[in-house]
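Computed from a predicted structure; not experimentally measured.
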Amino acid sequence: MTKILLVEDNEINRDMLSRRLARRGFEVVSAIDGQQGITVAQTELPDLILMDMSLPVLDGWEATRQIKSMLATQQIPVIALTAHAMSGDREKCMDAGCDDYDTKPVELPRLLEKIQALLG
């Protein structure tokens with residue numbers, strides 16, 4: 001079963017997306033801030049990470065940089081999930097090490113396509 005780490009501080013968004021992904025056959029583990037996201041990535045070694053960018057403790061940009069700098073987690077694909085949809089926001093996420101980018105509110109069919117593309 002494909003394991004996805006969802007790093008999302010908003011409880012409603014986290015619950016809704018977790019349930020929708022679980023119904024599609026994914027195992028979902030979650031974290032509520034960037035620092036916890038790094039810890040869970042190291043312990044769970046998920047197949048893919050969905051990373052909110054606006055997080056408490058450590059933002060998604062820095063959490064992604066740290067995940068991508070560690071040997072054990074650097075190959076895990078990261079999709080940025082963000083309400084930041086202004087010019088340059090995609091590039092900022094990619095520069096931090098994200099492998100793809102999707103905007104909120106999440107459109108599940110579009111997100112599933114991106115997940116499948118990264119997982120092969």
Q: Less than 4.5 Å apart, any side-chain heavy atom of M53 and any of C98?
A: yes
Q: Hey, could you give me each pair passing ring pair (Phe, Tyr, Trp, His ring centres under 6.0 Å) that has a residue in residues 26-46? Not counting sequence neighbours.
A: none
Q: State whether the side chain of K3 and the backbone N or O of V28 hold a donor-acceptor pair below 3.5 Å, judged by distance alone.
A: no
Q: The test is side chain to side chain contact (heavy atoms under 4.5 Å, CB included); show your working for L48 and I79 and say whether it passes.
A: CA-CA 8 Å; L48 184 132; I79 299 176; 4.2 Å; yes
Q: Do K104 and D52 make a side-chain contact, defined as non-hydrogen atoms from C-beta onward lying under 4.5 Å apart?
A: yes
Q: Before giving the answer on side chain to side chain contact (heavy atoms under 4.5 Å, CB included), spell out for V7 and V40 the whole-Å C-alpha distance, their side-chain angles and the decisive distance to 0.1 Å.
A: CA-CA 9 Å; V7 187; V40 175; over 6 Å; no
Q: Hey, is CD on Q74 packed in by over 12 heavy atoms from elsewhere, all under 6.0 Å?
A: yes
Q: Are any side-chain N or O atoms of Q36 and backbone N or O atoms of I32, one a donor and one an acceptor, separated by less than 3.5 Å?
A: yes
Q: Would you say the side-chain atoms of E8 pair up with the backbone N or O of N10, donor to acceptor, closer than 3.5 Å?
A: yes
Q: With a 4.5 Å heavy-atom cut-off, do I76 and E44 have their side chains touching?
A: no
Q: Between L45 and L6, is there shared hydrophobic-cluster membership here, with clusters defined by ILVMFWY side-chain heavy atoms closer than 4.5 Å?
A: no
Q: Would you please test L50 and L17 for side chain to side chain contact (heavy atoms under 4.5 Å, CB included) and show each step?
A: CA-CA 10 Å; L50 297 175; L17 190 51; 4.2 Å; yes
Q: Could you tell me whether the side chain of K68 and the main chain of T73 form a donor-acceptor pair under 3.5 Å?
A: no
Q: How close do C93 and A80 get, counting heavy atoms only, and between which atoms?
A: SG-CB, 3.7 Å
Q: Any side-chain heavy atom of I49 sitting closer than 4.5 Å to one from I67?
A: yes
Q: Any idea which heavy atoms bring D99 and M94 closest together, and the distance?
A: O-CE, 3.5 Å
Q: Sequence neighbours left out, cut at 3.5 Å: what donor-acceptor pairs do the side chains of residues 111-120 make with other protein atoms?
A:
unit_1 : atom_1 : unit_2 : atom_2 : d
K114   : NZ     : Y101   : O      : 2.6

Q: Please assess T2 against E27 for the test side chain to side chain contact (heavy atoms under 4.5 Å, CB included), listing each intermediate value before the final yes or no.
A: CA-CA 6 Å; T2 301; E27 176 185 352; over 6 Å; no
Q: Quick test of your reading of the model: are R65 and D95 salt-bridged, counting only N-O distances below 4.0 Å?
A: no
Q: Can you give me the closest heavy-atom contact between D9 and R14, atom names plus distance?
A: O-NH1, 3.4 Å
Q: With a 3.5 Å distance limit and no angle check, can you tell me whether R23 reaches the backbone of S18 through a side-chain donor-acceptor pair?
A: no
